[in-house]
Amino acid sequence: MTAMKTETSDETRLREDICRFGRSLFERGLTPGSSGNISVRLDGGGWLVTPTNASLGFLDPAKLSRLDDQGRLVSGDAPTKEVPLHTALYDTRGSARAIVHLHSTHSVALSMLPEIDPRAALPPMTAYYLMKCGATALVPYYRPGDPAVADAIKGLAGNYSSVLLANHGPVVAGDTLEAAVFATEELEETAKLYLLLRGMNPRYLSPEQVTDLVKVFGVTLPEHGHGHSHAVAGAPKPTDAEVEAAAHILDEAGRHHHWWDKSVQPYTDPIAKSEFEGIVEQMLIAASKSRPR
Ligand SMILES: O=C(CO)COP(=O)(O)O
């Protein structure tokens, strides 16, 4: 067997896996019509991705889009319009080998709720949610295929493998295609649980139970995930009023100097506000940490 042959059979298997998982997701109603897309990185460089306007239920292995390292189409049908979204997640999550994006109902519904914390879109409801997804970030709305979503993904600095696109759907990265699919399913089921229990004052996992899962299963949580915002050792957390006052200054200065373009949501938008304040909070914690004691 030559190395060349092994690569080819890997690619054949991955093509079949994409179609098999796609059909399974579609048949269970997890992404309707021609929504959703899947990509997998190839060991020999480049990646495979589902074509644009294709139903995940009826993919043809031979027609999947084969892209090179630079994202140029090498063979197959024209790729999904969400290539910039997938690229941004691969670029920021070095270990990611596969990405799944769906328009799954409960996750989409969750993304529109006003109380959602953009740095932990779901509370720690179940062990499997934590083990498969860690924490989920929410990014503001961008129209499908808008390359500007890449900046929002890059702003998460690779800290999240699962991300909700507001009014759109989940996008989840995994070390394997199977891992990315399973995590996306776990996210969808947890969003469903959240909606079922909304307003019922359910008991979530306690910080001790979360810590236990982190220890036993090696779950990685971003600094702010699930009440772990105190994880910045030795630095007092600024108050909400301090964060808001500082955020106002930065927002005004940024707009005055045109640091961000006009399409950036105003600071007062609920999602953008929380995201913006998260950054400002980090700045204040960093400033406080560097103060001589
Ligand atoms: O899910 C989708 C857009 O977000 C589907 O787009 P594509 O048909 O281009 O893959």
Side-chain angles (χ1 to χ4, degrees), residues 14-15 17-42 46-68 70-93 96-112 121 136-154 156 160-174 177 180-181 183-185 187-188 191 263 265 271:
L14 286 172
R15 284 177 181 270
D17 285 352
I18 290 173
C19 299
R20 196 161 50 86
F21 279 116
R23 190 179 331 114
S24 162
L25 291 164
F26 177 83
E27 283 176 351
R28 287 177 291 145
L30 290 167
T31 206
S34 67
S35 67
N37 30 75
I38 298 175
S39 70
V40 175
R41 257 179 174 170
L42 294 169
W47 33 303
L48 287 171
V49 62
T50 52
T52 190
N53 296 324
S55 164
L56 293 194
F58 304 94
L59 295 169
D60 177 347
K63 289 190 173 169
L64 296 180
S65 321
R66 168 88 152 86
L67 306 183
D68 68 11
Q70 312 300 314
R72 287 175 302 223
L73 183 64
V74 175
S75 64
D77 287 350
T80 172
K81 65 176 93 56
E82 300 293 11
V83 164
L85 172 68
H86 289 240
T87 307
L89 207 48
Y90 282 128
D91 284 353
T92 50
R93 296 216 32 116
R97 303 299 298 172
I99 291 173
V100 174
H101 165 56
L102 303 180
H103 292 187
S104 44
T105 309
H106 300 92
S107 303
V108 179
L110 176 77
S111 79
M112 298 181 219
T136 303
L138 175 68
V139 302
Y141 172 78
Y142 293 86
R143 73 168 184 278
D146 184 348
V149 75
D151 290 335
I153 297 287
K154 285 179 184 160
L156 301 172
Y160 293 85
S161 61
S162 68
V163 178
L164 266 184
L165 310 174
N167 304 75
H168 187 165
V171 49
V172 177
L177 176 55
V181 169
T184 317
E185 291 180 16
L187 173 56
E188 172 63 9
S263 69
Q265 299 277 16
I271 296 175

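Remember, it's 1-based here, ligands and their atoms both numbered in the order they're listed.
- Sorted by chain and number, the residues within 4.0 Å of ligand 1 by heavy atom are Ser34, Ser35, Gly36, Asn37, Thr52, Asn53, Thr80, Lys81, Glu82, His101, His103, Pro144, His168.
- Side chain of Ser162 to main chain of Val172: no donor-acceptor pair is present (N/O by atom type, distance under 3.5 Å, no hydrogens or angles).
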> Under the salt bridge (charged side-chain N to carboxylate O under 4.0 Å, His left out) criterion, do Lys154 and Asp151 qualify, and how do the steps go?
Replying inline: CA-CA 5 Å; Lys154 285 179 184 160; Asp151 290 335; 5.4 Å; no

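- Not one N or O on the side chain of Thr80 forms a donor-acceptor pair closer than 3.5 Å with the backbone of Thr50.
- Residues satisfying the side-chain hydrogen bond (donor to acceptor under 3.5 Å, both in side chains) criterion with Ser39, sequence neighbours excluded, are His86, Tyr90.
- Inspection of the Arg28 and Ser24 side chains reveals an N or O donor paired with an N or O acceptor under 3.5 Å.
- Expressed to the nearest 0.5 Å, how far CZ of Arg72 lies from CZ of Arg66 amounts to 12.5 Å.
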